[in-house]
Student: 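Before we start, here is the structure in question, set down as structure tokens.
Below, read A as the first sequence line, B as the second, and so on, with proteins coming before strands; counting in each chain starts at 1.
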2 protein chains.
Amino acid sequence: MATGRTHRPATRSRGIPEATVARLPLYLRALTALSERSVPTVSSEELAAAAGVNSAKLRKDFSYLGSYGTRGVGYDVEYLVYQISRELGLTQDWPVVIVGIGNLGAALANYGGFASRGFRVAALIDADPAMAGKPVAGIAVQHTDELEHIIEDNGVSIGVIATPAGAAQQVCDRLVAAGVTSILNFAPTVLTVPDGVDVRKVDLSIELQILAFHEQRKAGDDGAAAPAPAARAVAEAAAVAPADDRKGPDGDVPAVMPA
Amino acid sequence: MATGRTHRPATRSRGIPEATVARLPLYLRALTALSERSVPTVSSEELAAAAGVNSAKLRKDFSYLGSYGTRGVGYDVEYLVYQISRELGLTQDWPVVIVGIGNLGAALANYGGFASRGFRVAALIDADPAMAGKPVAGIAVQHTDELEHIIEDNGVSIGVIATPAGAAQQVCDRLVAAGVTSILNFAPTVLTVPDGVDVRKVDLSIELQILAFHEQRKAGDDGAAAPAPAARAVAEAAAVAPADDRKGPDGDVPAVMPA
DNA sequence: AAATGTGAACTCATTCACAGCG
DNA sequence: CGCTGTGAATGAGTTCACATTT
């Protein structure tokens, strides 16, 4: 194919699978709890239970980091805490800015998990001039005008967007232009960013909709006990396109068509 | 042992892949925007761009729902909005309770996306007696004692946990015992639930740690651009420690928890 | 001509099962 | 023995590419 310049095929590189990376914080949290209880070592079985995964997966995950366990014994808790922290980049102190200090932004600023390990709230930024100077979680809110300034002065590379959806892309563009290369987006919108910038998104309504999908399925599945079906069908929707003769998945779906 | 199950039970009914389910809300949002602009039809290419995925994936996703497009033309926006809404269970009105009305809980209660489509905040619940009766987002907070009551009276099957980590499992157990079968967990802890109960988790610090991992990687790879290096190495005796004794790389890591 | 719908190929992730080491 | 570490087997998800339909 000759895609010009892929990445390195890396015969033996640091290729940690994305799915594994996403679980490392989970392991780290479980290990930290063990560490606080002064537990010296832990088996893959125990740690997996604490992290809510199965032990084969956990061992495979750790195998990408190296051989940090002792056969017949398990893993040294302190040592693993350090190795995972290092792998995740938490032996550095990452300055973070939060943009959009509404209800959510304020909640995030107050979130204890920030300072606890690896992250530091470098600034809170809001577009409302009335907010400027007001302290939230002990930090004075600064106006959006200062954004580029703040990013550069503090060497910020991670930004959190907690603005309304309408402002998110614009804020994102400014963050990126100022040097931010990782963004955590709480606004319910798709962000477009240049190559090399990472975006992760947290979206309440998406999560709820996924739950609703499975919930709906449970009701029809039957089988044994249908606990609390609840959810009254709402009138809505009756005004749907006049059904031509579309095909359902197979045959046709039960009822619920617009009457 | 019994690790908290979260994954799909592989119902033998109509098997829509989990990854597809997770994208349906994204498509729905993009379609709703088009609908508001009175756009009648849309191609897979256009819709995919709006949702931030590629078009082959989108077409494959839709193929699990049925044949809702027209070759040579595209998809009817209104019709697709309805089909996806129905598939996600949003033609019902799901009552939801939020437990833990701190900063985060209040932010969630105020989140507009709730009422907008398919969900209704049935109650806000908090363990602090001083909160009882206080209105948040126009709804009076109720005390935890009322929890079982509220769940049953309202036929609630979806619960949102926004308590401190220490209280989350206990709240979860009570929700489940009262009939809740889907839980959205904002507390930074692994919940253990019986089979048949779905849990999804939203965790700020995990997301940040994943970003930090990739951010760290960017620094070392390419030498050309290197925009904003930032992140000062924090006090950290580089001594990787050949294991064994020693307290640990850092002091403590308090359990992170939302206010 | 245009764009869907889908088998087939491919890539990524999980699970199995056991060899190998302390 | 007990438990890790890992190839091999299986499964899930994505992408390709094109026959098919309007």
Side-chain angles (χ1 to χ4, degrees), chain A residues 1 3 6-7 9-10 12-13 15-24 26-27 31 39-77 79-80 83 210 244-250, chain B residues 1 3 5-12 14-24 26-27 31 39-77 79-80 83 210 243-244:
Chain A
M1 313 85 222
T3 318
T6 322
H7 227 42
R12 174 163 198 259
S13 77
I16 300 181
E18 194 54 35
T20 294
V21 172
R23 280 187 296 266
L24 292 180
L26 225 54
Y27 302 143
L31 284 164
V39 177
T41 64
V42 66
S43 70
S44 64
E45 204 71 53
E46 295 164 331
L47 183 54
V53 304
N54 85 31
S55 65
K57 193 186 287 184
L58 177 143
R59 287 200 302 279
K60 178 68 92 179
D61 283 343
F62 286 178
S63 79
Y64 294 116
L65 308 184
S67 293
Y68 294 147
T70 306
R71 289 165 202 248
V73 177
Y75 300 93
D76 179 281
V77 172
Y79 187 64
L80 245 196
Q83 290 300 342
I210 295 169
D244 284 321
D245 55 351
R246 314 286 179 129
K247 299 167 285 186
D250 46 326
Chain B
M1 286 229 166
T3 58
R5 271 192 58 84
T6 301
H7 288 144
R8 76 198 190 96
T11 337
R12 72 270 219 78
R14 208 172 326 289
I16 298 181
E18 192 56 33
T20 295
V21 172
R23 281 187 295 266
L24 292 181
L26 226 55
Y27 301 145
L31 284 164
V39 177
T41 63
V42 66
S43 70
S44 63
E45 203 72 53
E46 294 164 331
L47 183 54
V53 304
N54 83 34
S55 65
K57 192 187 288 185
L58 177 143
R59 287 199 303 278
K60 178 69 89 176
D61 284 342
F62 286 177
S63 79
Y64 294 116
L65 308 184
S67 295
Y68 294 147
T70 305
R71 291 167 201 247
V73 177
Y75 300 92
D76 181 284
V77 171
Y79 187 64
L80 203 44
Q83 290 299 342
I210 295 170
D244 271 59

Student: Please give, in whole Å, the distance from C:dA2 C1' to B:E46 CD?
Tutor: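 After rounding, the gap between these two atoms is 12 Å.
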Student: Any N or O donor-acceptor pair linking the side chain of B:R71 to the base of D:dT22 at under 3.5 Å?
Tutor: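 Answer no: no donor N or O sits under 3.5 Å from an acceptor.
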Student: Let me spell it out: for each of A:K60 and A:G74, pick the nucleotide of DNA chain D with the closest heavy atom. Which residue's pick is nearer the 5' end?
Tutor: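 Here A:G74 is the residue nearer the 5' end.
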Student: What's the CG-P distance between B:L47 and C:dA3, to the nearest Å?
Tutor: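 These atoms are roughly 14 Å apart.
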Student: Can you tell me the distance, in whole Å, between the CG atom of B:D61 and the C1' atom of D:dT15?
Tutor: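 So the two atoms are 12 Å apart, to the nearest Å.
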Student: Could you check how far NZ of B:K57 sits from C1' of C:dG5, rounded to whole Å?
Tutor: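 Going from B:K57 (NZ) to C:dG5 (C1'), I get 17 Å.
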Student: Using a cut-off of less than 4.0 Å, is there contact between a side-chain N or O of A:S44 and OP1 or OP2 of D:dT4?
Tutor: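 For D:dT4, OP1 or OP2 has a side-chain N or O of A:S44 closer than 4.0 Å.
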Student: Closest-nucleotide mapping onto DNA chain C: is A:R23 or B:R59 further toward the 5' terminus? I mean the 5' end.
Tutor: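 Residue closer to the 5' terminus by nearest nucleotide: B:R59.
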Student: Is any side-chain N or O of B:Y75 closer than 4.0 Å to OP1 or OP2 of D:dT22?
Tutor: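 For B:Y75, the contact criterion (side-chain N or O under 4.0 Å from OP1 or OP2 of D:dT22) is not met.
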Student: With side chains defined as the heavy atoms from C-beta onward, is the minimum distance between A:Y75 and A:E46 less than 4.5 Å?
Tutor: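 Not in contact.
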Student: Can you confirm whether or not the ring centre of A:F62 sits under 6.0 Å from the ring centre of A:Y68?
Tutor: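 No.
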Student: Both A:A56 and B:V42 contact DNA chain C. Which one's nearest nucleotide lies toward the 5' end?
Tutor: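 Mapping each residue to its closest nucleotide by heavy atoms, the 5'-most match is B:V42.
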Student: CG of B:L24 to CG of B:D61: how many Å apart, nearest 0.5 Å?
Tutor: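 Going from the CG atom of B:L24 to the CG atom of B:D61 covers 6.5 Å.
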Student: Using whole Å, what does the distance between atom C1' of nucleotide C:dT11 and atom CD of A:E18 come to?
Tutor: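 Value for this atom pair: 15 Å.
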Student: Which part of the nucleic acid does B:F62 contact within heavy-atom distance under 4.0 Å: base, sugar-phosphate only, or nothing?
Tutor: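 It contacts nothing in the nucleic acid.
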Student: Whole Å only: how far is the CG atom of B:L58 from the P atom of C:dG5?
Tutor: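 Going from CG in B:L58 over to P in C:dG5 covers 10 Å.
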Student: Any side-chain N or O of B:Y64 under 4.0 Å from OP1/OP2 of D:dA12?
Tutor: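 No, outside the criterion.
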Student: To the nearest Å, how far apart are B:I16 CD1 and D:dA12 P?
Tutor: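 Whole-Å distance recorded here is 15 Å.
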Student: Using a cut-off of less than 4.0 Å, is there contact between a side-chain N or O of B:N54 and OP1 or OP2 of D:dT14?
Tutor: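 Negative; the distance criterion is not met.
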Student: With rounding to the nearest 0.5 angstrom, report the OH to CG distance, A:Y27 to A:L58.
Tutor: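 Going from the OH atom of A:Y27 to the CG atom of A:L58 covers 4.5 Å.
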Student: Rounding to a whole Å, what distance do you find between A:E45:CD and C:dA17:P?
Tutor: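 Result: 15 Å.
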Student: Counting C-beta onward and ignoring hydrogens, is there a side-chain heavy-atom pair between A:L65 and A:Q83 closer than 4.5 Å?
Tutor: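 Not in contact.
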